[in-house]
Amino acid sequence: MSDETVTSDLPSLAAKAISQPLVTHIYTADPSAHVFDGAIYIYPSHDIEGGVPFNDNGDHFCMEDYHVFRMTSPDSEAVDCGVALHVKDVPWAERQMWAPDAACKNGRYYLYFPAKRADGIFQIGVAIGDRPQGPFTAEPEAIGGSYSIDPAVLGDDDGAFYMYFGGLWGGQLQSYRDNVYAQSNEEPRDDAPALGPRVAKLSDDMLQFVEPPREITILDEHGQPLLAGDHDRRYFEGPWMHKYQGTYYLSYSTGNTHLLCYATGDNPYGPFTYRGQILTPVVGWTTHHSICTVAGKWYLFYHDSLLSGGVTHLRSIKMTELHYDEHGNIVTLHPYGT
Ligand code: FUB
């Protein structure tokens, strides 16, 4: 994640943008959206200018807290419900509160979030609240067996919950093989299978994994694993899982090629077969999303850096309607028109 502040004609891109920022009084990114209690709740990162120099490790993404936003309908204002959790209140975490997600079970709300421990290693934690907007109280320890970044939780139709997670480069996923960390581990060679996101089923109390995380395989059209060198299609970060007409849709960012893509399968663990692009590149290096259905329509929640003039770590959340064709293919969106 380097400083790729866009220098092209931002005003003309802004004029053609398919949607406007949902929030303008602070910078927000990585929106995870859910319908809880009949309203839309968005759980984004809260971007700040922390004065940390840019580097490929993403240290300039130095976020400290989370705000939750509530919308009563897709056309309504996104209301800032205030600080839901601050890193100073997370006993095991030191810095970099990156992309979160949330889940609801039996009237309680669970905020899942990655952060770095004092030794610089990312883990994923959980905090509990009585309301969708929080405040949330963090568990004293990170989730056992968790690592890397970008948790996304699917509540399946049978009542089971699964967490998907993992991100390359600054997200440290390349350092893990079979759930074991070694700093010397690197991304596979271009002609080797790509690394996949991880999935683990959550415990009944939503606070732990009930199994070691499994690595997900994404297959190409010939049934072969996508290769690490296939940068336009291979997994990088930002997983999201939703179900559409009984099929599991795994969507994700390709990172250095700045695409949101998706793959489909018939169960929560995969394998998944690559299907196509959801969103072509936005202004800013990162692209990160969620997909949520509201009153019978489907929406893509995403972000870009237009509002900050292209500063890659000062982003703004957006939403736009998503469409499927008659075969279940997602119609590709272009954030600034075709
Ligand atoms: O917001 C920090 C990181 O940037 C997220 O964890 C990644 O998915 C990328 O959006």
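First listed ligand is number 1; within each ligand, the first listed atom is number 1. In what follows, residues are counted from 1 in the order of the sequence shown.
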Peer 1: Any salt bridge (charged side-chain N to carboxylate O under 4.0 Å, His left out) involving residues 84-106? Give me the pairs, sequence neighbours left out, ordered by first then second residue.
Peer 2: none
Peer 1: Taking atom CG as the centre, does D178 end up with more than 12 heavy-atom neighbours from other residues, nucleotides or ligands that are less than 6.0 angstrom away?
Peer 2: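 No, CG of D178 has 12 or fewer neighbouring heavy atoms, counting only those of other groups under 6.0 Å.
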Peer 1: Does any pair with a residue in residues 42-51 pass salt bridge (charged side-chain N to carboxylate O under 4.0 Å, His left out), and if so which ones, sequence neighbours excluded?
Peer 2: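 Matches after skipping sequence neighbours: D47-R315.
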Peer 1: Does R214 make a cation-pi contact with Y269 (under 6.0 Å, within 45 degrees of the axis)?
Peer 2: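 Yes; both conditions hold, so R214 lies above the ring face of Y269.
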Peer 1: Can you list the ligand 1 atoms lying under 4.0 Å from a non-hydrogen atom of I149?
Peer 2: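 Answer, ordered by atom number: 6 (O).
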Peer 1: For Y262, does the six-membered ring have the charged nitrogen or CZ of R275 within the cation-pi criterion, i.e. under 6.0 angstrom from the centroid and within 45° of the normal?
Peer 2: no
Peer 1: So, is T287 polar-close to ligand 1, with some N/O to N/O distance under 3.5 Å?
Peer 2: no
Peer 1: Run down the list H313, M97, H46, R315 and name the one with the heavy atom closest to atom 4 (O) of ligand 1.
Peer 2: R315
Peer 1: Only heavy atoms of A99, strictly under 4.0 Å: list the atoms of ligand 1 that pass.
Peer 2: 6 (O)
Peer 1: Looking only at distance, does D150 have an N or O less than 3.5 Å from an N or O of ligand 1?
Peer 2: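 Such a contact does occur with ligand 1.
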Peer 1: I'd like to check which ligand 1 atoms, numbered from 1 as shown, lie under 4.0 Å from a non-hydrogen atom of M63.
Peer 2: 1 (O), 2 (C)
Peer 1: If you measure every N/O of H288 against every N/O of ligand 1, is any gap under 3.5 Å?
Peer 2: yes
Peer 1: Let me confirm one number: the CG-CD distance from L259 to Q277, rounded to the nearest 0.5 Å.
Peer 2: 4.5 Å
